[in-house]
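Structure first, commentary second.
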Amino acid sequence: MDFRTEIAAALSASAKTPAAELCAMLETPPNPEMGDYALPCFKLAKSMKKAPSAIAAQLKSESVFPGFVSRAEAAGGYLNFFIDRAVFVREALLPVLALGASFGSSNEGNGRAVCIDYSSINIAKPFHIGHLSSTVIGHALYNIFNFLGYKAVGINHLGDWGTQFGKLIVAFRRWGSKEEIENGGVRAMLEIYARFHDEAEQDDSLNDEARAAFKAIEDGDPDALALFDWFRALTLKEVQRVYDLLGVTFDSYAGESFYNDKMQPVVDELLEKGLLELDDGASVVRFPEEDNMPPCLILRSDGATLYATRDIAAAFYRKAAYDFAKSLYVVAYQQNLHFRQVFRVIELMGRPWAKDLVHVAFGMVSTADGTLSTRKGKVVFLEDVLKESIEKTRAIMMEKSPDLAGMDRIAKEVGVGALVFSTLSAARIKDIVFDWDRALNFEGETGPYCQYTHARCCSLLARAEYDPAAEVDYSLITDPESVEVARLLHAFPAAVKAACEKYEPFIITRFVVDLAQAFNRFYLAHRILGEPRNVQNARLALTACARRVIATGLTLLGIAAPEKM
RNA sequence: GCGCCUGUAGCUCAGCAGGAUAGAGCAACGGCCUUCUAAGCCGUAGGUCCCGGGUUCGAAUCCCUGCAGGCGCGCCA
């Protein structure tokens with residue numbers, strides 16, 4: 001039952017306005033005491049040639065409202081509607097009880113593919129906190145799109161090409177040892193890479209050597225290629241530990257090197273369509289005046305391809321391979337111009353699906369003592385942060401619940417969840433200054449708080465031996481705290497939809513916090529266990545629904561919902 | 001210089017297809033565990049919604065001008 005639609009239909013005749021229009025006008029009053037829905041009558045003043053307050057009174061007296069409207073009240077220029085609380089609570093809880101884990105999901109995607117390019121780490125470089133945003137935003141969107149009936153395709157667009165690999169090979173041949181790299185992983189690679197830069201400042205011939213080494217990779221020289229593959233494999237093995245902790249997966253690891261043989265057709269087509277122009281020896285695509293963008297560089301003056309060339313080729317490949325309905329790029333906003341250019345070039349090439357390419361931009365991550373910089377050694381490894389968070393969680397658990405079974409697993413779920421949750425708690429465009437104390441705060445609007453509330457629900461349901469089949473008397477949970485929980489449950493599907501449409505996982509994060517807060521208020525205000533049978537049953541049903549939706553929300557965000565903690 | 005983004009409580013952020021007294025959390029202070037998980041709950045205090053114009057019955061929200069900060073602007077990715 002949709003309350004809004006029915007209220008709007010009831011008003012339509014008296015207001016002489018289409019129901020759909022009235023439905024869009026209906027809003028939620030700022031305070032529940034003012035009603036559940038409100039119609040502001042100001043806009044009707046012109047067409048009805050009356051004062052808003054008079055309109056509200058007239059609509060009230062002339063309309064016949066559905067039975068679930070217990071009261072309609074004109075207040076100022078508003079007409080407020082009060083829904084029968086037992087009906088409202090029942091309508092809110094029934095779908096959750098009936099659908100369980102699929103409550104909030106839908107089939108609107110109809111199986112269409114949505115490519116999501118996220119995380120996209122660089123080979124032989126550290127996986128640091130700067131990569132956390134892309135990784136967890138992308139992963140959450142992956143879950144959300146699947147939940148709404150799409151077929152998400154997770155793509156880790158690896159940074160596995162470029163002259164830096166020539167440098168690394170030279171550095172390794174001069175100063176590296178197989179054993180050190182094997183044991184030290186990316187940190188050891190960074191060390192010899194840094195040494196290369198130091199020594200190359202004195203001896204420029206090293207740079208020539210590096211260029212030659214990279215050329216050797218390109219030409220398929222077996223020795224160079226073997227080293228390159230080795231660096232790649234070692235890095236992937238190392239980052240896999242972090243992905244395992246985060247529970248993040250990918251369907252494709254096709255990175256930059258994958259597109260090496262796929263760029264020529266793009267260049268050919270650009271030439272053929274007369275889009276390519278020579279400028280200072282480089283080949284560029286110029287944009288129409290109204291685009292107000294600098295040209296997009298396609299080929300360097302030495303004929304080498306560039307970042308944009310590769311991304312255009314990648315977009316073509318993904319369209320052909322997956323026939324996506326949308327293709328998302330979860331990449332920091334620094335690359336705003338780059339993606340505007342790439343998308344526009346594809347549009348100029350006559351591909352209507354260019355409109356389905358979306359840059360899901362997010363803010364910069366920095367540390368208080370300066371921006372992240374691999375060179376300056378200020379880099380904070382993601383794995384270190386995750387481990388620290390897990391350790392802190394374990395310490396808290398040792399204090400609060402030392403006998404809990406499965407401590408290791410729970411400490412991992414809570415410690416990791418805290419970081420994921422905090423990364424997903426603000427609009428993605430906001431910059432983040434990484435702060436250990438804030439990242440490891442487990443109180444207030446945090447992941448552990450929501451997980452704790454979930455565990456609290458589980459504990460109640462287990463103690464009461466809750467029977468989902470027991471009949472529920474909804475008239476027993478019409479107190480303000482219960483109704484507030486019900487109101488949020490009712491709003492969950494819309495929150496998921498909004499998160500998907502806006503590519504904003506934080507909408508779900510906030511929703512889960514709100515629900516957890518509402519449940520905790522309910523919990524503190526009302527006893528559940530040991531109440532009369534029918535009261536206990538009704539409150540347990542509410543608890544079961546809250547637990548279910550908190551768990552679903554957390555799962556969508558990529559966060560575990562342990563039953564005990 | 002040009003373009004994009006951000007500016008709301010001491011701090012971190014919601015609210016911004018205009019609506020009724022601007023909301024949370026953290027930090028501070030004061031309460032609540034001999035009954036359901038205190039990683040919790042309640043209360044107190046804290047705001048020129050960056051400034052100035054405009055549109056509107058009504059602006060934190062829309063438009064314009066400024067200011068401050070971030071990012072970007074050809075052969076890196």
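All values reported here derive from a predicted model rather than from experimental measurement. Within every chain, numbering begins at 1; the chains are lettered A, B, ... in the order of the sequence lines, protein sequences first and strands thereafter.
- The distance from atom CZ of A:F165 to atom P of B:rA77 is 12 Å, rounded to the nearest whole Å.
- Ranked by how close their nearest RNA chain B nucleotide is to the 5' end, A:K502 and A:D302 are led by A:K502.
- We find that CZ of A:R521 is positioned 19 Å from C1' of B:rC36, with the value rounded to whole Å.
- With a cut-off of 3.5 Å on both pairing distances, the Watson-Crick or G-U wobble partner of B:rC4 is B:rG70.
- Remark: C1' of B:rC71 and CG of A:D431 are 8 Å apart, rounded to the nearest angstrom.
- Nucleotides B:rU21 and B:rG30, compared at atom P, are 34 Å apart to the nearest Å.
- Between A:R344 atom CZ and B:rC4 atom P there is a gap of 16 Å when expressed in whole angstrom units.
- The separation of B:rC49 from B:rA20, taken at their P atoms, amounts to 16 Å, rounded to a whole angstrom.
- In this structure, A:H526 reaches the bases: a heavy-atom distance under 4.0 Å links it to at least one base atom across the strands shown.
- Distances shown here put every side-chain N or O of A:R527 at or beyond 4.0 Å from the OP1 or OP2 atom of B:rU35.
- Comparing B:rG46 with B:rG53, their P atoms sit 27 Å apart, to the nearest whole Å.
- Here, B:rC50 and B:rU61 have their C1' atoms 15 Å apart, quoted to the whole Å.
- No donor-acceptor pair closer than 3.5 Å links the side chain of A:S283 to the backbone N or O of A:L299.
- Nucleic acid contact for A:V284: base, since at least one base atom lies under 4.0 Å from a heavy atom of the residue.
- Rounded to whole Å, the separation between the P atoms of B:rA9 and B:rC5 comes to 22 Å.
- If you check every strand for non-hydrogen atoms under 4.0 Å, A:A45 touches nothing.
- Side-chain to base pairing of A:N80 with B:rA20: one donor and one acceptor N or O lie within less than 3.5 Å of each other.
- Using modelled atom types, no side-chain atom of A:H197 and backbone atom of A:A194 make a donor-acceptor pair closer than 3.5 Å.
- Two residues are said to be in side-chain contact when any heavy atoms from C-beta on lie closer than 4.5 Å; A:E33 and A:N31 meet this criterion.
- Between A:K46 and B:rC57 there is no side-chain polar atom (N or O) within less than 4.0 angstrom of OP1 or OP2.
- Atoms CD (A:Q335) and C1' (B:rG72) sit 10 Å apart, rounded to a whole Å.
- Among the atoms of the strands shown, base atoms are found under 4.0 Å from some heavy atom of A:E563.
- Looking at heavy-atom distances under 4.0 Å, A:A455 makes contact with a base.
- Nucleotides of RNA chain B nearest to A:T393 and A:R310 differ in position, and the one nearer the 5' end is that of A:T393.
- For the pair A:R456 and B:rA38, the criterion of a side-chain N or O lying under 4.0 Å from OP1 or OP2 is met.
- Neither OP1 nor OP2 of B:rC73 sits under 4.0 Å from any side-chain N or O of A:R340.
- Using a 4.0 Å heavy-atom cutoff across all strands shown, A:K43 reaches at least one base atom of the nucleic acid.
- Counting any heavy atom pair closer than 4.0 Å across all strands shown, A:P294 reaches sugar-phosphate atoms only and no base atom.
- If you check every strand for non-hydrogen atoms under 4.0 Å, A:D437 touches nothing.
- Across all strands shown, A:M25 has no heavy atoms under 4.0 Å from either base or sugar-phosphate atoms.
- The side chain of A:Y449 contributes an N or O atom lying less than 4.0 Å from OP1 or OP2 of B:rC41.
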